[in-house]
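Beneath this line is the structure, given in structure tokens, with notes to follow.
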There are 2 protein chains.
Amino acid sequence: MPSPSPSPSSSPPPSPAGSRPLRADARRSIAAILDAGIHVLAVRPDASMADIAAAAGVGRVTVYAHFSSRADLLRAVVARAITEGDVVLAQVDLSGDPRAALERLILASWEQIARIGAVAAAAAGVLEAEEVRRLHAAPAARVEALLARGRELGVFREDLPAAWLVSVLHQLMQGAAVEVAAGRLEAAQAAPAISASVLAVWTCAR
Amino acid sequence: MPSPSPSPSSSPPPSPAGSRPLRADARRSIAAILDAGIHVLAVRPDASMADIAAAAGVGRVTVYAHFSSRADLLRAVVARAITEGDVVLAQVDLSGDPRAALERLILASWEQIARIGAVAAAAAGVLEAEEVRRLHAAPAARVEALLARGRELGVFREDLPAAWLVSVLHQLMQGAAVEVAAGRLEAAQAAPAISASVLAVWTCAR
DNA sequence: CTCTTCTCGTACAGTGGTGTTCGAGTTAGA
DNA sequence: TCTAACTCGAACACCACTGTACGAGAAGAG
């Protein structure tokens with residue numbers, strides 16, 4: 001028994017849609033694999049199927065019983081990670097002063113990035129670019145909407161492409177995660193630093 | 001003959017230091033391998049030794065005749081790429097208004113990032129973190145010095161860690177390279193966007 | 001309790017990379 | 001021209017990983 005317990009799954013495992021409902025132990029296995037996948041891949045994006053199976057406390061063959069290939073598992077892990085994160089992000093209050101809303105959104109997003117870590121990076125190497133794009137669509141739309149609203153109010157700058165401003169946000173969060181992982185930045189300082197930096201880029205034209 | 005000519009090397013290949021000087025064809029091979037390494041790894045960071053050998057127009061065994069392992073080659077490629085870039089960066093005028101100096105430095109750095117691309121990313125996966133750090137020391141020192149000077153003049157903000165401000169510069173440049181490669185940002189727009197963004201972060205406190 | 005589903009160890013084939021050895025052929029350099 | 005240095009293809013051992021097959025056994029569902 002390589003791992004004592006794969007951490008209890010918070011959300012119920014996905015139902016198999018078409019066919020007969022899965023047996024309870026199968027649903028438990030899937031949840032454990034997905035959980036382990038998020039945790040292991042966040043630390044080591046090139047982890048093997050055996051690594052993930054071991055972390056889930058499950059046989060390697062059992063993983064293949066539920067996911068036909070490594071890419072298939074990766075897709076499922078990323079989808080679940082993003083979905084979970086998106087649920088949290090959906091609760092962020094984006095009304096009121098766009099600057100304050102941006103700060104709230106960044107704070108919540110940072111917590112998700114810190115949790116998910118490099119899972120997206122793992123996916124980038126295996127999944128199609130378009131596929132990754134589609135999975136990120138929901139969180140990205142939220143940011144874009146906030147940017148657009150702030151621009152209408154004259155709060156956010158208009159002299160740089162919107163896509164660039166959005167990507168600055170992503171880059172600084174991902175970059176902060178790297179800095180924290182490397183020990184060059186205190187975890188507690190990360191969110192304020194990201195907030196101050198993104199706010200500066202989005203609001204300080206000239 | 002997979003590649004017609006591995007592009008003429010601008011700088012002379014490194015001398016073998018201790019032992020007898022290498023024969024001319026050996027020096028040519030090493031230069032071709034290093035050149036090919038930069039170009040191939042910039043596009044595909046996980047390229048194999050065979051890929052690099054083919055791009056260099058050289059047998060795979062010949063690569064091993066000069067570099068004992070993949071990590072060894074990677075180290076040499078990164079060292080050369082950074083050294084070449086650093087020569088260019090050393091010519092940038094960093095005197096005068098720190099803001100203008102920063103813009104000049106960013107413009108020159110961006111050209112190097114665009115050229116070297118993902119070579120550093122390739123190294124990150126294989127080389128020790130400390131080793132990568134040491135290789136980046138020279139370019140990083142230049143940025144840090146400029147930041148320090150600007151701070152003394154009251155031009156650059158002091159309310160965020162210097163290390164963070166430096167990393168923002170790196171992140172936005174690397175991020176811009178990704179955006180350009182993905183076709184989400186025009187290459188011509190990259191440098192102005194980076195400049196404006198970094199300047200905003202470095203100067204716009206509050 | 002019984003049938004069905006699922007687990008899981010072992011074993012296997014296949015793939016794609018690394019690094020080495022050998023020997024024949026080529027090339028630089030004195 | 002002669003020799004030492006270098007190239008290079010082929011072949012090899014080795015390793016880590018992926019994905020498949022089989023069969024015994026455990027566990028859920030009714």
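By convention in this document, chain letters (A, B, ...) are assigned in the order of the sequence lines, proteins followed by strands, and residues within each chain are numbered from 1. Note that the structure is a prediction, hence the values are computed from the model and not measured.
One can place CG of B/L22 at 18 Å from P of C/dT27, the figure rounded to the nearest angstrom. In this structure, the CD1 atom of B/I52 is 8 Å from the P atom of C/dT18, given to the nearest Å. Between the C1' atom of C/dC6 and the CZ atom of A/R28 lies a distance of 11 Å, rounded to the nearest Å. Taking atom OH of residue A/Y64 and atom P of nucleotide C/dT7, one finds them 16 Å apart after rounding to whole Å. Whole-Å rounding puts the A/L73 CG to D/dT18 P distance at 10 Å. Look at CZ on B/R23: it is 7 Å from P on C/dA28, rounded to the nearest Å.
One finds no side-chain N or O of B/R27 lying less than 4.0 angstrom from the OP1 or OP2 phosphate oxygen of C/dA28. Neither OP1 nor OP2 of D/dC6 sits under 4.0 Å from any side-chain N or O of B/H66. One finds a side-chain N or O of B/S29 lying less than 4.0 angstrom from the OP1 or OP2 phosphate oxygen of D/dT7. For the OP1/OP2 pair of C/dG19 and a distance below 4.0 Å, the side-chain nitrogens and oxygens of B/R60 include no atom meeting the criterion.
Once rounded to the nearest 0.5 Å, the distance linking CE of B/M173 with CD1 of B/I106 reads 7.0 Å.
Between A/S68 and A/D51, it is A/D51 whose nearest contact on DNA chain D lies nearer the 5' terminus. In terms of position on DNA chain C, the residue among B/A50 and A/G59 whose nearest nucleotide sits closer to the 5' end is A/G59. Residue whose closest nucleotide on DNA chain C sits further toward the 5' end, between A/A65 and B/D46: A/A65. Both A/M49 and A/V61 lie close to DNA chain D; mapped to their nearest nucleotides by heavy-atom distance, the more 5′-ward contact belongs to A/M49.
Between A/E103 and A/R99 there is no salt bridge, since no side-chain N of the basic residue sits under 4.0 Å from a carboxylate O of the acidic one.
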Open item on the list: Let's go through A/R80 and A/E84 carefully: what are the C-alpha distance in whole Å and the side-chain angles of both, what is the deciding distance for salt bridge (charged side-chain N to carboxylate O under 4.0 Å, His left out) to 0.1 Å, and is it a yes or a no?
Closed with: CA-CA 6 Å; A/R80 169 154 165 165; A/E84 284 181 3; 3.0 Å; yes
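Taking a 6.0 Å sphere around CZ of B/R184, one finds it holds more than 12 heavy atoms contributed by other residues, nucleotides or ligands.
Under 3.5 Å, the side chains of A/D51 and A/S48 contain a donor-acceptor pair of N or O atoms.
Closest to the side chain of B/S48, out of C/dT18, C/dA28, D/dG28, is C/dT18. For A/R70, the listed nucleotide lying nearest its side chain is D/dG19; candidates were D/dC6, D/dG19, D/dC17.
Heavy atoms of A/T62 sit under 4.0 angstrom from at least one base atom.
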